[in-house]
Structure formats: C-alpha cells, structure tokens
Amino acid sequence: MTEASVREFKMPDVGEGLTEAEILKWYVQPGDTVTDGQVVCEVETAKAAVELPIPYDGVVRDLHFPEGTTVDVGTAIIAVDVGGGSAAPAPAAERPAAAESAEEPKAAGSGRQPVLVGYGVATSSTRRRPRKGPEVPVQQASTAIQTELNGHAPAAQAAPPAAAPAAPAGTERPLAKPPVRKLAKDLGVDLTTVVPTGPDGIITREDVHAAVAAAVPAAAEPQVAPAPAAVQAPASYDTTRETRIPVKGVRKATAAAMVGSAFTAPHVTEFVTVDVTRTMKLVEELKADKEFTGLRVNPLLLIAKALLVAIRRNPDVNASWDEAAQEIVVKHYVNLGIAAATPRGLIVPNIKDAHAKTLPQLAESLGELVATARDGKTSPAAMQGGTVTITNVGVFGVDTGTPILNPGESAILAVGAIKPQPWVHKGKVKPRQVTTLALSFDHRLVDGELGSKVLADVAAILEQPKRLITWA
C-alpha cells in the first residue's frame, strides 16, 4: 500500500447549501472492504438524516471522526485504500489532520467522478459537540442562587481560578464576531474568561454556551457557611435534576426557521368550529371501497382534499412574498406540506403537485409520506418547495392552536381533535362529531377576506363532503 493509493472521501453537501453534518453512525470499520455505491455512514444535516455511499472500491484504512461529531462540508471523513494494499489503520501520528485531505478521486483512479455534490475545501474547522469546559466564574449567578438558598447575599470571597490564563499585558481584546459578543453580553459572560476553539483563536457561540454550562454547576453550590435550619433548602432539592440537550440538526433548523417566520411574516389566525359527522361517515365508507384497498383512509385525507379544493376556489392564497423583488408570487401548483413529529424533531415534508392527484392517489402519497417520516428517511428534497401546510394537533387530543407559518409559505391549517359534542342539528340538540380548525396566514399576502373565504370553504366541505364533487 502506498500513500498515493489512499483516497479521502469528503463530507458532501447533501442538502442544498448546508455547511455541516453530524455523523450519526458508521456502517464500516478499518479493514472492511467497500465497493462503489456502498453506504458507509449515516449523517444528520439541519434538514434530515441521510445515508452516504462511497464513490469507489477499496479497503477502509481509517475513520477520521467518531460517531456524534459535527463535520464541515468538504472535510475528509474516511480514508480508503483503492490499491488493494494492507488494511491496517495508520498510527495516530501518521494519520492526516482532520482539516487536511488528499486530492479528489479522479476518473482514472475510481472509474468515475464522485456522484455527490458539494465537494470543496471547507474554510472553517471541524467542530465537535459542545462539552463542559473548566469552571468559569459567573459572580451574578452565584450571588443570586446563594441568596435564594440562604435567604441573604453571600459574604465576599476570593474568586475561583479563571478558566483561561489572563491575557498578557498589551494584548488586544479577545477575538469574537459581533453576534458572539452580543450573545456573551446577554448571557453575562466575560469573554476574557472563555477558552476559544475557533480558527486563529476566535471565540465561537459554542464556546460562550460551554462557558455558561460550566459555570452553572459551580454557581449552584453555595460556598458560605450553612444557614440556620429554619432557612435551609429542602432535602429534596437536587441540582442534578436537569438534562441539557444539544440544539442541532433538524431541531436547530426548525427553531431558526420558526423564529425567522414569526418575526418576519405578520401572522393572523382565524378559527371555525364545524360539524364533521358526515365526513366521518364518508371516511368509513371509503375504507370499504375497493378503490382504496391497501390504502390508509382517515379524516386527514378528506381534510387535505378539502383544503386543495378551497385553494382552487381562492388561488391567491397559494403565494409567497419575494422581499428582494418586492413581488407577490402566486403559485399555480400546490405542494402540500404535512407536519410530522419525529424523534429528531418536527419536519414538514410535502406532497408535490398535490392539486393534480385523485383521492386514491392522495391517500397513497399521504401514506408514503407518513411511513417515510416515521422511519427517519425523509430526504431534504421532500421538505423543499412547500406552498401550504396542514398540522394535525388533534392526534394529541388538542382542540386547536395558532400554528406558525413555514418560511416561504402563505398559510397553514391546524386541525383539532374530532370528538362528540352537543350540536344544534335540524333544530334539535344532538351529539355530533365536531372539530375546530385554525388557519394562520401571512397578512402581507392574505387579507382578512381571503383568509376567511379559504377557512369557510374548508369548513363547508367538511360539513357537507358532497361539495368535493359539486365544487370540483
């Protein structure tokens, strides 16, 4: 085996411009033989979990990063000997640095160019998940907690050792970008006490959060003499009853998207309560129809169809706001998003061209969407290009909600729990199947009249599902 026969496989951009991904699981180990197209690992981006195939044949020489590491796009993650030599892993001293990688595999060496996109040299360094660092003094937090526990402010005492050595005299202030400085100021963190992990000694957001995380345990333990028994903290007080979960991947992307949407698009939410007894009866009839054999038929299917009909009757609701061009873009197609809760967080895959599907085709697409999301195999492409979304909070027994728009969409329909309630039907109070619908929309695009018409149409169809035919 020669160094020339070793090829470095780099982390590709698997999601349209994403800059990093976390290695969830390795399917191979050093010494294993791999073939062109074989899946070698699973990674999680900000949008989905994706399996990565290797683009050439050979023997695994080294895995550069363990599972759980966040790696920048363009960084080599696995070394493969394509010359058929020994598979023994290289000693640690001989392994290439994480940020350094061999030349890209060329057609002559691998038989073809890499099939994945996004190959390129990353300009930033690889980052591991944040870990607790050395204790960092946060005097304000310590004082507040001690006051809470002891009933009085603690006496002055010597400060604990600093987390980082003091800057030599004459040196400039710690290196950090303006957003990181603002974050540190908001959290009460002194940047001179933070250990930088970024390139060229730059302090990152993760460094600031790590400093805060390290300071809490130290601050949570009073360093003064115990107070009298009358004011002692309860015996059940337990400073370990907290779990810190790193915000990353799908959850991180969802949080950023929701914050951006909430503070960019002016939201308006309208509500309507509707008798869906006839719709529930139709669901039972469709389950017995041979056209739906093998398909999952439920109320969500008819609600989705009702929304598609309402959009066809009010097409201006299916639009987006182009801030750069200062234009409203009306879509003449509907990519219907369905919010799905998964172990990795909330995702919203969408059914492409849902407006053109028959009811059985829509049922099939819904079934595939739900199954794929449940298995954690939803692709990034399946979550791109949505125009309108449905979120079914009723499955949790919730009556309704005020959903936040997905970025780039104009409306989202929340469906509440369907349950028997007293209802005036044909002049008499009877138990009927009732639900509450909530429609949130972007008030820049959709005024009150248009939003009301869409919601009223959906309600009218669910009350009298024969309108699926008469309004078609």
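If you're wondering where the values come from, they're calculated on a predicted model, not measured in any experiment.
Of all non-hydrogen atoms in Ala319 and Ile328, the two that sit nearest each other are CB-CG2, 4.0 Å. For the pair Cys41 and Trp26, the tightest heavy-atom approach, listed with the atom from each and the gap, is CB-CE3, 3.5 Å. Nearest approach of Val388 to Ser410, heavy atoms of both residues: CG2-OG, 4.5 Å. The shortest heavy-atom contact between Gly401 and Ala414 is O-CB, 4.4 Å. Summarising the geometry of Asp62 relative to Pro30, their closest heavy-atom pair is CA-CG, 4.4 Å, with the distance given to 0.1 Å. What you find for His355 and Val334 is that their closest heavy atoms are ND1-N, 3.2 Å.
Counting only distance, with no hydrogens or angles, the side chain of Ser440 and the backbone of Pro403 share a donor-acceptor pair below 3.5 Å. A side-chain donor-acceptor contact under 3.5 Å links Thr358 to the backbone of Gln361. At least one donor-acceptor pair under 3.5 Å links the side chain of Tyr56 to the backbone N or O of Phe9. A distance-only check finds a donor-acceptor pair linking the side chain of Asn335 to the backbone of Asp353 [under 3.5 Å]. In this structure a side-chain-to-backbone donor-acceptor pair under 3.5 Å is missing from Asp36 to Asp57. Although no hydrogens or angles enter the test, the distance criterion places a donor-acceptor pair under 3.5 Å between the side chain of Asp322 and the main chain of Ala325.
Using a 4.5 Å cut-off on side-chain heavy atoms (C-beta onward), Glu206 and Thr197 make no contact. For the pair Ile77 and Val40, the minimum side-chain heavy-atom distance is 4.5 Å or more. Taking the side chain as every heavy atom from C-beta outward, Thr435 and Leu437 approach each other to under 4.5 Å. Taking the side chain as every heavy atom from C-beta outward, Ile54 and Val60 never approach each other to under 4.5 Å. Two residues are said to be in side-chain contact when any heavy atoms from C-beta on lie closer than 4.5 Å; Phe292 and Lys290 fail this criterion. Residues Val446 and Asp442 are not in side-chain contact: their nearest non-hydrogen atoms beyond the backbone lie 4.5 Å or more apart. Looking at heavy atoms from C-beta onward, Glu22 lies in side-chain contact with Leu24 at the 4.5 angstrom threshold. Contact annotation: the side chain of His267 approaches that of Ile404 to within less than 4.5 Å [non-hydrogen atoms, C-beta and beyond].
Rounded to the nearest 0.5 Å, atoms CG (Asn318) and CD1 (Ile311) are 5.0 Å apart. Between the CD1 atom of Ile390 and the CG atom of Asn350 there is a distance of 12.0 Å, given to the nearest 0.5 Å. In this structure, CD1 in Ile412 is found 13.5 Å from CZ in Phe441, a value given to the nearest 0.5 Å. Interatomic distance, CG of Asn392 versus CG of Leu413, reported as 9.5 Å (0.5 Å rounding). Expressed to the nearest 0.5 Å, how far CG of Leu295 lies from CG of Leu359 amounts to 9.5 Å. The distance from the CG atom of Asp32 to the CD1 atom of Ile78 is 9.0 Å, given to the nearest 0.5 Å.
Among Leu191, Leu175, Ile203, the single residue meeting the side-chain contact (heavy atoms from CB on, under 4.5 Å) criterion with Pro196 is Ile203.
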Could you go through the side chain to side chain contact (heavy atoms under 4.5 Å, CB included) check for Ile347 and Met383 one step at a time? CA-CA 8 Å; Ile347 63 174; Met383 293 184 282; 3.6 Å; yes
Go through the steps for Glu368 and Ile351 under the test side chain to side chain contact (heavy atoms under 4.5 Å, CB included), then give the verdict. CA-CA 10 Å; Glu368 293 174 351; Ile351 301 172; over 6 Å; no
Go through the steps for Thr75 and His64 under the test side chain to side chain contact (heavy atoms under 4.5 Å, CB included), then give the verdict. CA-CA 10 Å; Thr75 301; His64 294 327; over 6 Å; no
Give the intermediate values and the outcome of side chain to side chain contact (heavy atoms under 4.5 Å, CB included) for residues Lys377 and Glu51. CA-CA 9 Å; Lys377 301 299 183 182; Glu51 292 181 333; 3.5 Å; yes
